[in-house]
Amino acid sequence: MSSDELVFERTIELPDMIAYAGATWDWHRLHYDMSYLREIDLDRPVVDGQVFGAYLAIAIREWFGPDAVITALSLRFKNLVFAGETIRCLGRTAVEEPGRVELDLRVETTTGRIAVAPASATVQLP
Amino acid sequence: MTLLTEALRARIGEERVYVAPEPLGRAAIRYFALATGDTDPAHLHGEVAPPTLICETNQYANLPRDADGHAGHGWHLEVPGTRLVRGGNAYRFERPVGPDDVITARWRLADMTERVTGAGRRMLVVTSVATYTDQNDRILAVNEETLIYVER
């Protein structure tokens, strides 16, 4: 969408998911075990939804710079994302005050499926 | 029969406290940054944690994995005939987290509400609040988490 000011793109491959599972000490088989996935009628590992919080934080700091401080971040999960898919973090400024902005955010796949929405953040600026 | 039984309702207000067995560590911070593709030098050098790390990790819990591989906090609610999906998170970040911080996570079962999905299925919305503090009992972050048990 042309009105979005933030566009951050990331392809999430299985090695990224393995790394994230290790980094968060969360080894749930939903994220890698094909036998289990077939049992629940899925054909690919599911991306851990929590990682979208981390991606949004990265996107925000890339947008506003490393001295920006995120004081609040909220997100609601809409749809699953699967290994190999590419996601975009999108955002626009909703409220702008001296030293502070509030952002409207969302995450969607490049095929147009909404993964996270609504999402929002409050950022303190230097 | 309601999803929100009296037995479940009676659990509202429960708390669980987890104290990390060691400081967060530079390596853990760097690993999280690498895993998420974070290029901030302060994160990659392990000097300060990315803001969501302590809310997303199970590192502090020091729990064995369950049969599904999950090694984090859970209330282990019994809601027959449902499947569990993530609802969302609302994070509040109070102060930077460093590698020397020893995390305590205090989880509270804040609320359970029964609703109906747009497709007419009943669901139980479970809200938990986790407060993360450091070794000096300073609040680092607060995480309001929603999990949803949706009727199959």
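Computation of the quantities below employed the complete heavy-atom set of this structure, encompassing side-chain atoms and omitting hydrogens, waters and symmetry-equivalent molecules.
Interface remark: B:Pro51 contributes side-chain atoms only to the contact with chain A (heavy atom separation under 4.5 Å). Proximity to chain A is absent for every atom of B:Glu94, based on heavy atoms less than 4.5 angstrom apart. Using a 4.5 Å cut-off between heavy atoms, B:Asp38 contacts chain A through both its backbone and its side chain. Heavy atoms of A:Tyr20 lying under 4.5 Å from chain B belong to its backbone as well as its side chain. Contacts between B:Thr146 and chain A at a heavy-atom distance below 4.5 Å are absent for every atom of the residue. Residue B:Ala33: no heavy atom, backbone or side chain, is found under 4.5 Å from chain A.
One distance of note links CH2 of A:Trp25 with OH of B:Tyr60; it measures 12.5 Å at 0.5 Å rounding. For the atom pair A:Phe52 CZ and B:Asn89 CG, the distance stands at 12.5 Å (nearest 0.5 Å). Of the inter-residue distances, the one linking A:Thr71 atom OG1 with B:Tyr91 atom OH reads 15.0 Å to the nearest 0.5 angstrom. Separating the OG1 atom in B:Thr36 from the CG atom in A:Asp16 is a distance of 10.0 Å, to the nearest 0.5 Å. Of the inter-residue distances, the one linking A:Leu75 atom CG with B:Thr52 atom OG1 reads 9.5 Å to the nearest 0.5 angstrom. In this structure, the separation between CG on B:Asn143 and CD on A:Gln50 is 7.5 Å, given to the nearest 0.5 Å.
Distance alone, capped at 3.5 Å, places no donor-acceptor pair between the B:Asp68 side chain and the A:Arg29 backbone.
One hydrophobic cluster holds both B:Tyr149 and B:Leu4 under the rule that ILVMFWY side chains link at heavy-atom gaps under 4.5 Å. Hydrophobic clustering, with ILVMFWY side chains joined whenever heavy atoms are under 4.5 angstrom apart, groups A:Phe8 together with A:Ile70. When hydrophobic clusters are built by joining Ile, Leu, Val, Met, Phe, Trp and Tyr residues whose side-chain heavy atoms come closer than 4.5 Å, directly or via intermediates, A:Ile114 is not grouped with A:Ile87. Hydrophobic clustering keeps B:Ile139 apart from B:Val48 (ILVMFWY residues linked when any side-chain heavy atoms are closer than 4.5 Å, directly or through intermediates). Linking Ile, Leu, Val, Met, Phe, Trp and Tyr residues whenever their side-chain heavy atoms come within less than 4.5 Å places B:Val79 and B:Leu84 in a single cluster.
For chain A, the option among B:Pro41, B:Gly87, B:Ala71, B:Pro96 with the highest count of heavy-atom pairs below 4.5 Å is B:Gly87. With respect to chain B, the highest number of heavy-atom pairs below 4.5 Å among A:Gly49, A:Ala119, A:Ser120, A:Gly22 belongs to A:Gly22. Taking A:Gly53, A:Pro66, A:Ser74, A:Ala54 one by one and counting their heavy-atom pairs under 4.5 Å with chain B, the maximum is reached by A:Ala54. Among the candidates A:Leu30, A:Asp26, A:Ile12, A:Leu56, the residue making the largest number of heavy-atom pairs closer than 4.5 Å to chain B is A:Asp26. Looking only at heavy-atom pairs under 4.5 Å with chain B, the residue among A:Met17, A:Lys78, A:His31, A:Arg76 that has the most is A:Arg76.
A search for salt bridge (Lys or Arg N to Asp or Glu O under 4.0 Å) contacts involving A:Asp48 returns B:Arg86, not counting sequence neighbours.
Scanning both residues, A:Ile18 and B:Tyr31, for their nearest heavy atoms gives O-OH, 4.4 Å. The shortest non-hydrogen separation linking B:Glu56 to A:Val51 is OE1-CA, 4.2 Å.
Within a 6.0 Å radius of CZ in A:Arg44, other residues, nucleotides and ligands contribute more than 12 heavy atoms. For A:Arg100, the CZ atom counts as densely surrounded, since its 6.0 Å shell holds more than 12 non-hydrogen atoms of other residues, nucleotides or ligands. In A:Arg113, the CZ atom is crowded: over 12 heavy atoms of neighbouring residues, nucleotides or ligands sit closer than 6.0 Å. Within a 6.0 Å radius of CZ in B:Arg65, other residues, nucleotides and ligands contribute 12 heavy atoms or fewer. No more than 12 heavy-atom neighbours from other residues, nucleotides or ligands sit within 6.0 angstrom of CZ on B:Arg106. Within 6.0 Å of CD on A:Glu97 lie more than 12 heavy atoms contributed by other residues, nucleotides or ligands.
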Trace of the side chain to side chain contact (heavy atoms under 4.5 Å, CB included) decision for A:Leu73 with B:Arg92
CA-CA 7 Å; A:Leu73 176 65; B:Arg92 195 177 82 239; over 6 Å; no
